[in-house]
Amino acid sequence: MKRIIIENNMAHFGEGFSGKTQKTLIIPNPSSIVGILENLYDIDKLNLQFNFGYFIEYSGKHFDFMSVKKDTHVNGTKKIRGELSKGKRDNMYFEYLNDVKLVIYTDIDKDLIIKEPLRLGSIKCLSTLTDYKDVELVEHKGYTYNQLAKVGYGDGIVRPSSTVTWFDDKKGYFDYIIQDFQECIEILNNENYDEDLDVCINLFEYNNGKIK
C-alpha cells in the first residue's frame with residue numbers, strides 16, 4: 001500500500017450549491033481523492049478498479065472574500081445571468097481549512113507522474129507532496145478519525161457524497177455519481193492500522209466510479 005501525504009496552509013473542498021457563502025467540507029468527498037489520484041498516476045478513473053482510503057488533519061478555519069463577475073460559461077460561450085447583471089459583480093465568501101495535511105492510501109500499481117500542479121480542492125490551494133512511501137497496514141487497535149465510512153460504521157452525520165466527477169461533452173457540464181457515507185469523527189477500530197501515524201484507515205473498493 002502506498003501512503004501519500006499532501007500539505008498546504010489552506011484547503012477548500014466545496015459543499016456544492018451554497019450561495020454567496022461557499023463553505024468547505026471538513027472531510028473531502030471521495031471524488032476529490034479520486035481526482036488527486038488521477039492527477040498523480042494518470043489513470044482513467046471511469047475504467048479502473050483499486051482500493052484507497054484517506055484522512056485529513058487541520059488546525060482551524062477562516063473565511064476569505066472574493067468579488068466575482070455575474071456571468072457563467074456554457075459550452076465555451078459566456079452567458080450573462082440577466083441583462084441587468086451585465087458588467088456587475090457579486091461579493092462571495094469562501095471558507096477554508098487551515099494548516100491542512102491530507103493522507104491518502106492506495107494500492108494503484110503505477111509510476112508516479114503528477115500531470116498538473118497539486119491542489120487541495122480549490123484552484124487557490126496549490127499544495128506540496130511531502131511524503132510518498134510504501135507502508136503496511138496491520139490489525140491493531142487504534143482510532144479512525146476525520147474519515148468517511150460506509151453507513152452504520154461511523155459516529156457522525158450521514159451525507160450524500162460524490163464518488164467521481166467528469167466532464168460530459170454531450171451535456172456540456174460536469175456529471176457525477178453520488179453515494180451515501182457516514183462521517184467518522186473518532187471511533188475505535190482494529191483494522192488497517194498505520195503504526196507510523198497511529199491511525200486506523202477505512203479502505204474503500206473503487207470500481208469504475210462506484211465504491212463498495
(message) If I compare all heavy atoms of Q182 with all of K150, which pair ends up nearest, and what's the gap?
(response) CB-O, 4.1 Å

(message) If you count every heavy atom of other residues, nucleotides or ligands that lies below 6.0 Å from Y153 atom OH, does the total exceed 12?
(response) no

(request) Check whether any side-chain heavy atom of D180 sits under 4.5 Å from a side-chain heavy atom of S161, and report yes or no. (result) no

(request) Please step through ring pair (Phe, Tyr, Trp, His ring centres under 6.0 Å) for the pair F167 and F174, ending with a clear verdict. (result) CA-CA 4 Å; F167 188 80; F174 281 92; 5.2 Å; yes

(message) Using side-chain heavy atoms (C-beta onward) and a distance below 4.5 Å, is L129 in contact with I5?
(response) no

(request) Name the orientation class of the two ring planes belonging to F52 and Y206 (parallel below 30°, tilted from 30 to 60°, perpendicular beyond 60°). (result) perpendicular

(message) With side chain to side chain contact (heavy atoms under 4.5 Å, CB included) as the test, pick out the partner of Y54 among I6, I104, L37.
(response) I104

(request) Decide side-chain contact (heavy atoms from CB on, under 4.5 Å) for E136 and E195; before the verdict, give the C-alpha distance in whole Å, the side-chain angles of both, and the deciding distance to 0.1 Å. (result) CA-CA 9 Å; E136 183 180 2; E195 184 177 7; over 6 Å; no

(request) Report yes if some heavy atom in the side chain of Y132 is under 4.5 Å from a heavy atom in the side chain of K2; otherwise report no. (result) yes

(message) Test side-chain contact (heavy atoms from CB on, under 4.5 Å) on D64 and Y93; report intermediate values, then the result.
(response) CA-CA 6 Å; D64 193 16; Y93 294 88; over 6 Å; no

(request) Kindly give the heavy-atom pair with the smallest separation between Y193 and K141, and that separation in Å. (result) CE1-O, 4.0 Å

(request) Search all heavy atoms of D99 against all heavy atoms of S59 and return the closest pair with its distance. (result) OD2-OG, 2.7 Å

(request) Would you mind reporting whether L197 and V135 have side-chain heavy atoms less than 4.5 Å apart? (result) no

(request) Could you go through the salt bridge (charged side-chain N to carboxylate O under 4.0 Å, His left out) check for E7 and K101 one step at a time? (result) CA-CA 5 Å; E7 299 184 72; K101 179 168 77 171; 5.7 Å; no

(request) Determine, stepwise, if the pair N91 / F65 fulfils side-chain contact (heavy atoms from CB on, under 4.5 Å). (result) CA-CA 7 Å; N91 296 329; F65 167 84; 3.3 Å; yes

(message) Do N190 and H140 pair up side chain to side chain, a donor and an acceptor below 3.5 Å, judged on atom types alone?
(response) no

(request) Check the surroundings of atom CD1 in I123: do more than 12 heavy atoms from other residues, nucleotides or ligands lie under 6.0 Å from it? (result) no

(request) To the nearest 0.5 angstrom, please state how far the CZ atom of F13 sits from the CG atom of L25. (result) 8.5 Å

(request) Check whether any side-chain heavy atom of D131 lies under 4.5 Å from a side-chain heavy atom of I4, and answer yes or no. (result) no

(message) Is any side-chain heavy atom of D194 closer than 4.5 Å to one of V199?
(response) yes

(message) Could you report the tightest heavy-atom contact between K23 and H12, atom names first, then the distance?
(response) O-CE1, 3.5 Å

(request) Mind listing the closest non-hydrogen atom pair of N39 and P117 along with its distance? (result) ND2-O, 3.8 Å

(message) Any non-hydrogen side-chain atom of I27 less than 4.5 Å from a side-chain atom of R159?
(response) yes

(request) Please name the pair of heavy atoms, one in P30 and one in I211, separated by the smallest distance, quoted to 0.1 Å. (result) CB-CD1, 3.6 Å

(message) Are the side chains of K133 and D196 in contact, using a 4.5 Å heavy-atom criterion?
(response) yes

(request) Check the angle between the aromatic planes of Y105 and F55 and answer parallel, tilted or perpendicular using the 30° and 60° thresholds. (result) parallel

(request) Determine yes or no for a side-chain-to-main-chain donor-acceptor pair under 3.5 angstrom, with Q147 supplying the side chain and N202 the backbone. (result) yes

(message) Between S127 and L120 (side chain of the first, backbone of the second, donor and acceptor by atom type, cut-off under 3.5 Å), is there such a pair?
(response) yes

Only distances under 3.5 Å count here; give the side-chain donor-acceptor pairs of residues 108-116 to other protein atoms, sequence neighbours excluded, each with its distance to 0.1 Å.
from : atom 1 : to  : atom 2 : distance (Å)
K110 : NZ     : Y41 : O      : 3.3
K110 : NZ     : D42 : O      : 3.4

(request) Check for a donor-acceptor pair, side chain of T128 on one end and backbone N or O of T130 on the other, with a separation under 3.5 Å. (result) no

